Trainee: 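Structure in structure tokens, see below.
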Amino acid sequence: MKIDIHVHTRKVKSGDAPTRNIEKDRFVEILSDTDVNILAITNHNHFDAQQYEEFRDGVESHCQIWPGIELDVFENEKRSHLIVICNPKNYQDFNKALSEILDGKNPDTFTISLKETVEKFDSLDCIYIAHYFVKKPNLGDKEIAMLIDLVSNPKRILKEATNSISAGIYISHGHNSIYGSDVQNWDNYIEQSQNLPELRLPVESFEQFCLLLEKDEATISTILDKKSKESIELFPFNSDPFEKIVLDIYSDINILFGSKGTGKTDILESLSKHYNSKGHKTSVYKSNDNHLNSVFDIKGNSFNCDASDFGFDECSDEIKFLKEVTEEKVTTLNKYDSHFSFQETNKISQKLKIKNITQADEAQSERILEEITDILDNFKTFNDYINENSDISKYVDIELITELGNVFKKILVQLKASTEQNFIENKSIKLLNGIISCFNNEIAKKTNQPPKPTKTGFLEYSRNRIKIERASKKIIKLINQSINPIEEYAGSLGEKGELFCKTNLIFQNGSFSNGDYTSVKNVYKTPQKEFANAIISISKYIHSNELFLKITELNEIENINTINSLSDLLLKYKHFTLNGTIYSPSNGESSMILLHKELADDKDIYLIDEPEKSLGNDYINDVIVPLIKEKALLAKKVIIATHDANIAVRTLPYNSIYRLQDKGKGFTLTGNPFSNSLNCIYGSRPSLDWKEISMKTLEGGKSAFGERGKIYGN
């Protein structure tokens, strides 16, 4: 949840921008589009109780509004700004106290001393936030020391920084610090809110926030206990006797840290065994165990796909036909001449008229029968689906289903009748043609007269050639089609850009040559190319006497039996791309992407060992830490063993597990950054300071607390 402790809603002083003015409806609209859950209205030397009530009520469902003011303090001959935020329960008394000191005063010239400020507001349960250092006009260390002496609870004093980086520096030097938007233009607030401080623990009230400032153990425990956790008993070490540890693992971020060789990896492996025994499928992710090329199968050894996956006809029937087709014979004129030159003397033969009937065309009848049979089968299948699927009635009215069923019955009756009719016609034609052939053959045997040809054969010859042409041209058309590449998101390389694994696919069309491409199927590239060129030759010789020579050449291709569909002509080339350009990630970048992929996968439990290996601080900070925090928001169990302060500190873990070796003996301490303590799980050692141990043990500890601070959590 984000917090903004410095917000202006009115142009009060002459130097204020008019764009600080905002009305209730616009305020409510803007806040609903942000992640800000706590906001303090702190106008210059001005408090509008009516506006406070309207704004508070307008966003009460998703944001707490706290009453406050930014006062001009005059101390030690200099003017500075001090924000005072009051407990919302006391806002009416706060308004009354402000009316007394502001009545009749000009906001541009008004000032108040630190002593009078504390006298007026300390009893109202307030927080004091002083402009500090580069935040002008600022209170100096001397003035802040005065304020500390005056207030009843010095832990309620915070120093306002200009941004997250300066706040991180202040915190690293022991100052409680925070920063706000100090909004100048409400049109920019949604974008500006993205950089506001984020409270790691969900704060439900002003009082709870104040207790967190005081690091109240009971409050911290209460908040932490609202998060789901599991107490796990482990025996991770091969020690004698076996050392037992009991850990509370939160559905959030859990960090294992300590010096090298203290058993962090053993604990992760033991946790993995525990979760696997409970039915979870887990393993410990270790940097450098795998390489990016292997994970994404960049050589394509296990890659497989079919042409039909991309909407292409496999052309299996066409390829089989072209391999097996033979020439249809045309009846020669000699056969007619032989028949008619023979004088028919057999009187019975002369009377048989059937021998003079021309045979009917069977092919067209068969095509019609096949077509209508296919339609009938599809209607039957869908009708069976309607009758057998009871779930349809959950989504479609019974009346409509019944009406559809009746229509289908009528359609099926018609289709069956048409099928029967065409079946009879087809069989009649075949029977007639068979009788004609039979009689002609028998007459020829009895009379010794050559039979009269029943057909010229030209129709079959032409149809055969047309079918060859259509099959070859269909294949050629498809193998010249482009295929959209397959892109798989690999991960982020930070400022460099997003890395993708791209699989380029192409059909071998007879002219394609690229050594980077390999066959998708178990087919050699040479027969692929020869096959494509053979099909092209066949299409060019459709009307030539050499057509079947080309078909013979097709069948003589070595390993032609391995090519039976368009899928067998597919070629692939897998590679990585960065910003659209082919890219080869380095070993370090490989580690980046694999860790990013591990965290991007949707799992309930993440067990990660030293993710920082081979990774730069900026990548960890800008890419990995946000991913880890995102998993925490989704209530995932994230358990990380690390030496890196960016991960161990900046994620602000609900649970820090510290492994300590002392005089050959191991100790396990647990705690969190909110209470700033680490406690031995068996109480055999005194508590340790979380921040001090983190800075001492973790690599880059000081920088994580200091200039690299990107979030507010303390």
Side-chain angles (χ1 to χ4, degrees), residues 285 287-315 475 477-529 531-532 563 565-603 611 613-616 618-620 622-624 626-627 630:
Y285 172 84
S287 296
N288 300 329
D289 268 10
N290 293 307
H291 192 275
L292 198 61
N293 288 355
S294 300
V295 172
F296 282 89
D297 184 31
I298 208 68
K299 292 184 178 179
N301 294 328
S302 59
F303 178 82
N304 191 23
C305 68
D306 294 310
S308 57
D309 297 337
F310 307 96
F312 293 97
D313 189 324
E314 290 284 358
C315 292
I475 294 170
K477 180 181 178 181
L478 290 177
I479 62 177
N480 282 290
Q481 296 275 342
S482 61
I483 303 174
N484 291 329
I486 301 169
E487 280 198 326
E488 182 182 358
Y489 180 63
S492 172
L493 286 178
E495 292 182 357
K496 276 191 174 182
E498 307 300 308
L499 190 75
F500 289 84
C501 179
K502 188 174 183 179
T503 305
N504 293 314
L505 291 163
I506 193 169
F507 289 114
Q508 176 54 264
N509 61 5
S511 61
F512 182 76
S513 296
N514 189 322
D516 292 326
Y517 282 75
T518 58
S519 298
V520 172
K521 304 295 183 180
N522 189 24
V523 182
Y524 292 115
K525 292 169 72 174
T526 299
Q528 282 183 326
K529 196 167 190 176
F531 173 87
I563 300 175
S565 68
L566 287 197
S567 295
D568 297 322
L569 299 178
L570 281 171
L571 296 166
K572 66 179 183 298
Y573 171 37
K574 292 190 77 171
H575 58 84
F576 292 108
T577 62
L578 184 68
N579 303 322
T581 304
I582 294 176
Y583 187 79
S584 296
S586 66
N587 288 335
E589 289 170 335
S590 174
S591 297
M592 288 184 190
I593 296 301
L594 290 176
L595 177 57
H596 187 276
K597 186 177 187 299
E598 173 72 13
L599 287 169
D601 287 346
D602 186 21
K603 300 191 288 189
K613 283 186 177 180
S614 303
L615 303 184
D618 288 341
Y619 185 79
I620 292 172
D622 298 334
V623 178
I624 299 305
L627 266 176
E630 180 183 307

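As the structure is a computational prediction, the values presented were derived from the model and not from experiment. Side chains are part of it too, since the values below use all heavy atoms of this structure and drop only hydrogens, waters and symmetry mates.
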Trainee: Between Thr577 (side chain) and Thr581 (backbone), is there a donor-acceptor pair under 3.5 Å?
Mentor: no
Trainee: Can you tell if the side chain of Gln508 reaches within under 4.5 Å of the side chain of Ile479, non-hydrogen atoms only?
Mentor: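 SC-SC contact between Gln508 and Ile479 ruled out.
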Trainee: Using side-chain heavy atoms (C-beta onward) and a distance below 4.5 Å, is Leu493 in contact with Glu498?
Mentor: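 Counting from C-beta outward, Leu493 and Glu498 never come under 4.5 Å.
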Trainee: Which class fits the ring pair Tyr517 and Tyr573: parallel under 30°, tilted 30 to 60°, perpendicular over 60°?
Mentor: tilted
Trainee: Determine whether Phe312 and Phe507 satisfy the following criterion, ring-ring contact (aromatic ring centres under 6.0 Å, His included), listing intermediate values before the conclusion.
Mentor: CA-CA 11 Å; Phe312 293 97; Phe507 289 114; 5.2 Å; yes
Trainee: Tell me, with the steps shown, if Glu488 and Phe296 meet side-chain contact (heavy atoms from CB on, under 4.5 Å).
Mentor: CA-CA 9 Å; Glu488 182 182 358; Phe296 282 89; 3.6 Å; yes
Trainee: Does Asn579 use its side chain to pair, donor to acceptor, with the backbone of Lys496 at less than 3.5 Å?
Mentor: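 Yes, the answer is positive, given that a donor and an acceptor are paired below the 3.5 Å cut-off.
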Trainee: Are there over 12 heavy-atom neighbours, none belonging to Lys521, within less than 6.0 Å of that residue's NZ?
Mentor: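 Result for NZ/Lys521: enclosed.
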Trainee: Which distance, rounded to the nearest 0.5 Å, do you find between the NZ of Lys525 and the CG of Leu569?
Mentor: 13.5 Å
Trainee: Would you mind reporting whether Ser482 and Ile506 have side-chain heavy atoms less than 4.5 Å apart?
Mentor: no
Trainee: Has the side chain of Ser586 got a donor or acceptor atom that lies under 3.5 Å from a matching backbone atom of Glu589?
Mentor: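 Checking the backbone N and O of Glu589 against the side chain of Ser586, a donor-acceptor pair under 3.5 Å is found.
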Trainee: Tell me whether the count of non-hydrogen atoms from other residues, nucleotides or ligands lying under 6.0 Å of CG in Asn522 goes above 12.
Mentor: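 No, because the 6.0 Å sphere around CG of Asn522 holds 12 heavy atoms or fewer from other groups.
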Trainee: More than 12 heavy atoms of other residues, nucleotides or ligands under 6.0 Å from OH of Tyr524: yes or no?
Mentor: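 Open.
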Trainee: Working to the nearest 0.5 angstrom, can you tell me the gap between Ser492 OG and Ile593 CD1?
Mentor: 6.5 Å
Trainee: Starting at CD1 of Ile298, measure out to NZ of Lys502 and round the result to the nearest 0.5 Å.
Mentor: 12.5 Å
Trainee: Val520 vs Leu571, test: side-chain contact (heavy atoms from CB on, under 4.5 Å). Steps then yes/no.
Mentor: CA-CA 5 Å; Val520 172; Leu571 296 166; 5.9 Å; no
Trainee: Within the distance-only criterion (no hydrogens, no angle test), does the side chain of Asp306 pair as donor or acceptor with the backbone N or O of Ser308 below 3.5 angstrom?
Mentor: no
Trainee: Could you check Asp297 against Phe303 for side-chain contact (heavy atoms from CB on, under 4.5 Å), going step by step and ending with a plain yes or no?
Mentor: CA-CA 8 Å; Asp297 184 31; Phe303 178 82; 4.1 Å; yes
Trainee: At what distance, to the nearest 0.5 angstrom, does CG of Leu570 lie from SG of Cys305?
Mentor: 5.0 Å
Trainee: Find the distance between CG (Leu505) and CG (Asp309) and round it off to the nearest 0.5 Å.
Mentor: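 If we round to the nearest 0.5 Å, Leu505:CG and Asp309:CG are 9.5 Å apart.
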Trainee: Using distance alone, with no hydrogens and no angle criterion, decide if Thr518 and Lys572 have a side-chain donor and acceptor under 3.5 Å apart.
Mentor: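 Result is yes, a qualifying pair exists.
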Trainee: Flag the pair Ile582 / Phe576 as yes when at least one side-chain heavy-atom distance between them is below 4.5 Å, and no otherwise.
Mentor: no
Trainee: Just wondering, do Gln528 and Asp568 contact through their side chains at under 4.5 Å, heavy atoms?
Mentor: no
Trainee: Could you tell me whether the side chain of Glu314 and the main chain of Ser567 form a donor-acceptor pair under 3.5 Å?
Mentor: yes
Trainee: Is the side chain of Ser590 donor-acceptor paired with the backbone N or O of Leu292 at a distance under 3.5 Å, no angle test?
Mentor: yes
Trainee: Can a donor-acceptor pair be found between the side chains of Asn504 and His575 at a distance below 3.5 Å?
Mentor: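 Side chains of Asn504 and His575: pair found under 3.5 Å.
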Trainee: Is there a side-chain contact (heavy atoms from CB on, under 4.5 Å) between Asp313 and Leu566 once you walk through the steps?
Mentor: CA-CA 8 Å; Asp313 189 324; Leu566 287 197; 5.9 Å; no
Trainee: Tell me whether Glu598 contacts the main-chain N or O of Leu595 through its side chain, where contact means a donor paired with an acceptor under 3.5 Å.
Mentor: no
Trainee: For Tyr489 together with Phe500, are the ring centres under 6.0 Å from each other?
Mentor: yes
Trainee: Give the intermediate values and the outcome of side-chain hydrogen bond (donor to acceptor under 3.5 Å, both in side chains) for residues Ser511 and Lys529.
Mentor: CA-CA 7 Å; Ser511 61; Lys529 196 167 190 176; over 6 Å; no
Trainee: Testing the basics here: between Ala532 and Asn509, what is the closest heavy-atom pair and its distance to 0.1 Å?
Mentor: CB-C, 3.6 Å
